[in-house]
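Computed from a predicted structure; not experimentally measured.
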Amino acid sequence: MSNALAFIVNTIFDIVCFLFLARLILQACRADFYNPISQGVVKATDPLLKPLRLVIPGYRNFDTAAFVAAWLFKIIGFALVVAINAQYLPGIPYLIARGLFEVLQLLLTIYWFALIIVIVLSFVAPGTYHPAAALLHQVTEPILAPARRLIPPLGGLDLSPILVFMVLILVRDYLLPAVFTTIFS
């Protein structure tokens, strides 16, 4: 029974964290604010972010309050799951580092899935407009543009997402865990 409860708690906190990270990404990429999906994310996150912004200001187009909110939710979610499963709570430094580790992993996973969806949409429905597709293009373009300069399209085939996938996977699956284990070894 505790595994099911831990799964539910983890899922709820991951969804909330996803919303805060989506808000961070949308603002960082300067995505269309009037897109219905953007408006939904803003409405869902504003109740917590408005008061938090009074204490934690943003920096340029980086929404620091959204990142801190996602980080706090990851810390609380991880602490609750550990408490449910093991009935003990790790130390505060470990929780802070683990929360940061999981937020960064989730951020990279969001970009990974966004790239997959953009690639599939480019084959399935090229040139069509949908608010979600437009938003995904706006979100992924800042990370694809530098890769396109390194790997130009070959005969109409864009291979730059392969480079971006490699970098995302290397950072998410190898660099972040190595840094985390180095700190807590």
Side-chain angles (χ1 to χ4, degrees), residues 6-7 9-31 41 45 49 52 56 58-82 85-86 89-122 135-154 157-185:
F7 171 75
V9 167
N10 195 35
T11 302
I12 290 170
F13 277 87
D14 277 350
I15 290 169
V16 173
C17 186
F18 169 80
L19 287 172
F20 287 120
L21 288 177
R23 175 83 179 251
L24 170 83
I25 292 168
L26 292 172
Q27 187 170 338
C29 296
R30 296 182 183 181
V41 170
T45 57
L49 288 183
L52 196 57
I56 304 169
Y59 177 74
R60 295 187 183 175
N61 61 335
F62 184 76
D63 193 354
T64 313
F67 184 79
V68 169
W71 191 2
L72 288 174
F73 269 88
K74 272 297 189 180
I75 291 170
I76 295 167
F78 179 74
L80 285 173
V81 168
V82 167
N85 285 334
L89 196 61
I92 299 294
Y94 181 83
L95 286 174
I96 291 171
R98 181 64 183 239
L100 180 62
F101 169 74
E102 288 190 11
V103 164
L104 294 175
Q105 272 198 324
L106 182 60
L107 183 66
L108 294 170
T109 303
I110 290 168
Y111 267 108
W112 190 82
F113 278 111
L115 276 172
I116 288 176
I117 294 168
V118 165
I119 291 168
V120 169
L121 285 175
S122 71
L135 205 57
L136 285 173
H137 281 288
Q138 292 172 355
V139 165
T140 57
E141 190 55 34
I143 62 171
L144 284 173
R148 283 193 188 112
R149 278 178 264 167
L150 292 173
I151 305 173
L154 301 171
L157 188 60
D158 187 11
L159 299 177
S160 61
I162 294 171
L163 177 63
V164 175
F165 275 128
M166 287 174 49
V167 170
L168 286 175
I169 290 170
L170 284 172
V171 172
R172 186 189 70 189
D173 296 345
Y174 298 104
L175 182 65
L176 279 178
V179 169
F180 183 73
T181 55
T182 302
I183 291 172
F184 286 98
S185 295

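- For the atom pair L95 CG and L100 CG, the distance stands at 12.5 Å (nearest 0.5 Å).
- Heavy atoms only, all atoms of each residue included: I151 and S160 are closest at O-CB, 4.2 Å.
- Nearest heavy-atom pair across G99 and I75 is CA-CG1, 3.8 Å.
- Side-chain atoms of W71 come within 3.5 Å of backbone N or O of I96 as a donor-acceptor pair.
- Heavy atoms of other residues, nucleotides or ligands lying less than 6.0 angstrom from CZ of F62 number more than 12.
- Inter-residue side-chain proximity for P90 and V82 is flagged as met; some heavy-atom pair is nearer than 4.5 Å.
- The shortest side-chain heavy-atom distance between I116 and F165 falls under the 4.5 Å cut-off.
- The CG atom of L107 sits 9.0 Å away from atom SG of C17, with the distance rounded to the nearest 0.5 Å.
- Counting only distance, with no hydrogens or angles, the side chain of D63 and the backbone of Q27 share no donor-acceptor pair below 3.5 Å.
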side-chain contact (heavy atoms from CB on, under 4.5 Å) between D14 and F18, intermediate numbers included: CA-CA 6 Å; D14 277 350; F18 169 80; over 6 Å; no

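- Taken to the nearest 0.5 Å, the CG atom of L106 stands 13.5 Å off from the CZ atom of F73.
- In this structure, OG1 on T109 lies 4.0 Å from CZ on R172, to the nearest 0.5 angstrom.
- Using cut-offs of 30° and 60° for the angle between ring planes, the F180 and F101 rings count as parallel.
- Counting heavy atoms from C-beta on, the side chains of Y94 and F78 come closer than 4.5 Å.
- When all heavy atoms are compared, the tightest approach of V164 to A147 is CG2-CB, 3.6 Å.
- Considering only heavy atoms from C-beta on, V118 comes within 4.5 Å of H137 through its side chain.
- Taking every heavy atom of both residues into account, A114 and T140 meet most closely at CB-CG2, 3.8 Å.
- Taking a cutoff of 4.0 Å between a charged side-chain nitrogen and a carboxylate oxygen, R30 and E141 do not qualify as a salt bridge.
- Going from atom CD1 of I25 over to atom CD1 of I110 covers 4.5 Å, rounded to the nearest 0.5 Å.
- The two residues V103 and A70 come nearest to each other via the heavy atoms CG2-O, 3.6 Å.
- In this structure, F20 has its ring center no closer than 6.0 Å to that of F67.
- L168 is listed as a side-chain neighbour of L115, based on a closest heavy-atom distance under 4.5 Å.
- No donor-acceptor pair closer than 3.5 Å links the side chain of E102 to the backbone N or O of K74.
- A6 and N85 make their closest contact through CB-OD1, 3.7 Å (heavy atoms, listed as atom of the first residue, atom of the second, distance).
- Looking only at side-chain heavy atoms (C-beta outward), Y111 and V139 come within less than 4.5 Å of each other.
- The shortest distance between side-chain heavy atoms of L108 and L176 falls below 4.5 Å.
- Between atom CG of residue L21 and atom CG of residue L26 there is a gap of 10.5 Å, rounded to the nearest 0.5 Å.
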